[in-house]
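Reviewing the structure listed below.
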Amino acid sequence: MRNKEVAQKFYELAGLSELAEENPFKVRAYLEVAQQIENLPVPVEVLAENEKLTSIKGVGKASANKILQYLNTGRIDKLEELKEKIPLSLLELKKVPELGARRAKILFDTLGIESVESLKKAAIQGKIRNLPGFGEKIEKKILEGLKDIRSRQMERISIGIALPLAESIVEELKESSSIEKIEICGSIRRMKRTIRDIDILVVSGNPVPVMDKFVSLDLVKNVIVRGEKKSSILSRENVQVDLRVIQRESFGAAIQYFTGSKEHNIKIRELANKRNLKVNEYGVFDLETNKCITSETEESIYESIGLPWIPPEMREDRGEVEIAIEGRLPELVKLSDIKGDIHLHSLYSDGINSIEEMARQAVQLGYNYIVITDHARALGVANGLSIERYKGEREEIERLNRKFAPFKIFLGTELNILSDGSVDFSPEELALFDICLAGIHSGMNQEKEKITNRIIKAMSYKGVKVITHPMGGLIGRRDNYALDLDSVFREAKNRNIAIEINASPQRLDLDDINARRAKDMYSLNFEVGTDAHSIEAMKDMRYGVGVARRAWLTKDDVINTFSSAKFEEFIGGKR
DNA sequence: GCCGTTTTCGGCCCGACTGTTTTCAGTCG
């Protein structure tokens with residue numbers, strides 16, 4: 001799968017073309033190609049082989065040829081030409097606040113600056129303030145921005161950090177009597193697994209005190225911009241928070257605008273234009289009379305351009321607008337569809353709550369069943385269980401099942417996929433369990449072929465029904481394994497094994513793009529599990545469901561939406 | 001460079017904020 005690298009080349013084409021001051025629409029066209037390929041649910045090289053490249057939205061003849069050239073030779077003539085004129089490193093400069101293509105080009109042309117280091121030097125020497133389009137203030141902002149650039153670039157944070165942070169900001173702001181309504185928008189509302197900034201929308205007829213309160217919140221490190229309608233701050237954790245204040249009558253248009261994604265909004269606005277309408281954050285307007293058609297609800301915004309309401313998780317310009325036009329939007333799986341959490345760790349291994357406490361929490365969450373999947377023997381650091389100890393666990397579960405009926409607890413295990421692909425127990429021993437999950441917990445740095453074959457071998461053990469956290473990364477902390485996911489998906493399909501969407505905010509693994517691919521290409525079953533080690537963490541299910549919705553999964557795709565009976569059937573009808 | 005239920009040419013989302021300007025360009029989302 002070479003989608004990422006091909007997309008990267010088109011980002012470079014876009015960036016350098018912009019610096020070379022080519023037609024801005026050409027730049028946008030390259031960007032569109034990059035994004036479409038990045039989000040493509042199938043390998044671009046497969047489309048290339050079948051001469052289907054131009055079936056990708058935004059890919060015409062010229063781009064198709066560039067893709068082919070890259071796939072065949074590893075280079076693109078056009079890109080090489082651009083690189084001769086403009087160093088690739090200039091694209092780094094654009095990451096500095098206040099620097100876009102225009103100013104980056106001026107820096108290069110006048111002072112020969114082509115790296116962050118030489119930029120810093122020039123700024124300290126006061127050489128930048130006198131350039132056209134610059135000034136003292138911008139020079140100062142650049143220097144300050146350079147200080148933050150490391151932490152700010154710490155890239156994206158998990159939604160598991162961003163959403164609670166956003167919720168706490170909302171709680172604090174709510175104290176203001178000027179606020180009629182407040183909503184978290186942006187990529188958090190779209191449930192993206194990683195977040196760059198927090199967007200909050202406020203309805204108020206009196207914006208000034210709202211802005212006052214916002215910029216003086218405890219968590220504010222510095223104020224980036226401060227206006228009547230819009231302000232931005234940088235939090236102590238180096239997360240940017242944007243606040244937009246609008247009037248009540250614009251709410252629907254504003255939440256649509258502020259939820260994004262940018263690419264989705266562009267699609268929507270283009271569609272509106274074709275109908276002689278204009279969409280902005282204040283409403284939908286007739287282009288001729290400039291009269292507002294509608295603005296109050298998000299549904300009405302979509303309706304006015306002939307579309308059904310599109311769930312925020314789908315708004316990425318990954319084909320959702322096209323199928324919405326055709327009236328073929330899927331009914332996405334919902335949190336309330338989840339009937340059980342089937343990846344849980346109790347006190348028996350490294351959890352901090354008893355099975356009974358977890359069962360109570362599950363009942364509280366509205367589930368009909370859970371599977372306790374404590375770590376198995378080989379994971380010593382997590383107090384992995386021997387078969388004998390699992391037998392003790394089985395006894396306790398049976399006792400609890402009499403107490404909690406009709407709610408049901410199943411005995412599972414999270415097996416370790418060992419370095420040769422075997423698991424902790426013999427086939428006879430595995431028969432003890434109602435269901436086995438299996439995941440890699442060691443030897444994560446093995447080479448691609450080896451690690452892929454390990455998982456494939458583990459799937460051959462009878463009783464293994466789920467592969468946990470298949471990609472193996474930890475958000476912001478550890479890379480994914482080198483893994484041939486397609487081989488894993490193919491084998492999972494053959495053996496009717498479900499692939500996990502791990503809902504723990506540290507993981508969120510599979511991610512949405514791969515999950516969608518697994519559904520589109522292999523029609524796999526999925527399991528959304530919290531991997532909770534506490535009753536608190538059982539609430540993380542919302543993040544996993546978010547990923548599932550972003551992958552366009554429906555209720556039927558997710559095995560833990562099944563009724564108890566159907567779930568038992570899936571795991572083999574035992575007990 | 002892409003695209004077409006008005007178009008194979010002439011369009012291509014839209015607005016807020018800031019700083020450098022003296023009416024607007026650049027950046028950002």
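All chains are named by letter (A, B, ...) in the order of the sequence lines, taking the proteins before the strands, and each is independently numbered beginning at 1.
- Comparing the C1' positions of dG11(B) and dT18(B) gives an interatomic distance of 31 Å, to the nearest angstrom.
- Map Asn265(A) and Gly60(A) each onto its nearest nucleotide of DNA chain B; the residue landing nearer the 5' end is Gly60(A).
- For dC12(B) and dT7(B), the C1' atoms lie 13 Å apart once the distance is rounded to whole Å.
- Comparing the P positions of dG15(B) and dG10(B) gives a spacing of 26 Å, expressed to the nearest Å.
- Residue contacts shown for Lys278(A) are limited to sugar-phosphate atoms, with no base heavy atom under 4.0 Å away.
- Comparing dG19(B), dC17(B), dG15(B) by their closest approach to the side chain of Tyr282(A) singles out dG15(B).
- Separating the C1' atom of dT23(B) from that of dG29(B) is a span of 24 Å, rounded to the nearest Å.
- Distance, Lys26(A) NZ to dC2(B) P: 10 Å, rounded to whole Å.
- Closest of all the heavy-atom pairs between Phe251(A) and Ile246(A) is CA-CD1, 3.8 Å.
- Using modelled atom types, one finds no donor on one side chain facing an acceptor on the other under 3.5 Å when comparing Tyr282(A) with Glu249(A).
- Using a 4.0 Å heavy-atom criterion, one finds that Ile138(A) contacts the sugar-phosphate atoms exclusively.
- Rounded to the nearest Å, the gap between the C1' atom of dG1(B) and that of dT6(B) is 23 Å.
- In this entry the distance linking NZ of Lys229(A) with P of dA16(B) reads 5 Å, nearest Å.
- Between the side chains of Asn290(A) and Glu288(A), no donor-acceptor pair of N or O atoms lies under 3.5 Å.
- Rounded to an integer number of Å, the gap from CD of Gln256(A) to C1' of dG15(B) is 14 Å.
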How does each nucleotide of nucleotides 4-9 of chain B score, in 5' to 3' order, for protein heavy atoms under 4.0 Å: base (B), sugar-phosphate only (S), or none (-)? ------
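- A salt bridge links Arg75(A) with Asp77(A): the distance from a Lys NZ or Arg NE/NH1/NH2 to an Asp or Glu carboxylate oxygen falls below 4.0 Å.
- Within a heavy-atom distance below 4.0 Å of DNA chain B, no residue of residues 290-327 of chain A is found.
- An OP1 or OP2 oxygen of dG1(B) is reached within less than 4.0 angstrom by no side-chain nitrogen or oxygen of Lys78(A).
- Spacing between atom CG of Asn23(A) and atom P of dG10(B) amounts to 15 Å, rounded to whole angstrom units.
- For dC14(B), the OP1/OP2 oxygens have a side-chain nitrogen or oxygen of Asn273(A) closer than 4.0 Å.
- Put simply, CD1 on Ile67(A) is 13 Å from P on dG1(B), counting in whole angstrom units.
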A correct 5'-to-3' footprint of nucleotides 21-29 of chain B, with B, S and - meaning base, sugar-phosphate only and no protein heavy atom under 4.0 Å, is -----SSSB
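- In this structure, the CD1 atom of Ile56(A) is 11 Å from the P atom of dC2(B), given to the nearest Å.
- Here the side chain of Arg189(A) pairs no donor or acceptor atom with the backbone of Glu183(A) at under 3.5 angstrom.
- Residue contacts for Val27(A): at a heavy-atom cut-off of 4.0 Å it reaches no nucleic acid atom on any strand shown.
- A donor and an acceptor atom, one from each side chain of Glu320(A) and His264(A), are located under 3.5 Å apart.
- Side-chain contact check for Asn238(A) and Lys221(A): at least one donor-acceptor pair (N or O, by modelled atom type) lies under 3.5 Å.
- What separates CD1 of Ile76(A) from C1' of dG1(B) is a distance of 14 Å, to the nearest Å.
- Residue contacts shown for Val279(A) are limited to sugar-phosphate atoms, with no base heavy atom under 4.0 Å away.
- Checking dT8(B) for Watson-Crick or G-U wobble geometry (two distances, each under 3.5 Å) identifies no partner in any strand.
- A donor-acceptor distance shorter than 3.5 angstrom exists from the side chain of Ser300(A) to the backbone of Thr297(A), with no hydrogens or angles considered.
- Looking at the side chain of Arg244(A), the nearest of the listed nucleotides dC12(B), dA16(B), dC2(B) is dA16(B).
- Counting any heavy atom pair closer than 4.0 Å across all strands shown, Glu136(A) reaches sugar-phosphate atoms only and no base atom.
- Taking atom CG of residue Leu271(A) and atom P of nucleotide dC3(B), one finds them 15 Å apart after rounding to whole Å.
- Residues passing the side-chain contact (heavy atoms from CB on, under 4.5 Å) test with Ile266(A) are Arg28(A), Lys262(A), Glu270(A), sequence neighbours excluded.
- With sequence neighbours left out, Thr110(A) forms a side-chain contact (heavy atoms from CB on, under 4.5 Å) with Ile106(A), Leu131(A).
- Distances were taken from every side-chain heavy atom of Phe25(A) (C-beta onward) to each of dG19(B), dG1(B), dG15(B); the shortest belongs to dG1(B).
- Side-chain contact check for Thr530(A) and Asp540(A): no donor-acceptor pair (N or O, by modelled atom type) lies under 3.5 Å.
- The gap from the P atom of dT22(B) to that of dC17(B) amounts to 24 Å, rounded to the nearest Å.
- As judged by a 4.0 angstrom heavy-atom cut-off over every strand, Glu228(A) is placed among residues touching the sugar-phosphate backbone only.
- In this structure, a donor-acceptor pair under 3.5 Å is absent between the side chains of Glu18(A) and Tyr30(A).
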Check residues 40-55 of chain A and write down every donor-acceptor pair under 3.5 Å in which the side-chain atom is one partner and the other belongs to a residue at least two apart or another chain.
unit_1: Glu45(A); atom_1: OE1; unit_2: Arg2(A); atom_2: N; d: 3.1
unit_1: Glu45(A); atom_1: OE2; unit_2: Met1(A); atom_2: N; d: 3.0
unit_1: Glu45(A); atom_1: OE2; unit_2: Arg2(A); atom_2: N; d: 3.3
unit_1: Asn50(A); atom_1: ND2; unit_2: Val46(A); atom_2: O; d: 3.1
unit_1: Ser55(A); atom_1: OG; unit_2: Lys52(A); atom_2: O; d: 2.5

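- Separation of the P atoms belonging to dG26(B) and dT20(B) is 14 Å when rounded to the nearest angstrom.
- As judged by a 4.0 angstrom heavy-atom cut-off over every strand, Lys105(A) is placed among residues making no nucleic acid contact.
- Looking at Arg315(A) and Ser261(A), their side chains never bring a donor and an acceptor atom within 3.5 Å of each other.
- Look at the C1' atom in both dC9(B) and dC14(B): the space between them is 24 Å, to the nearest Å.
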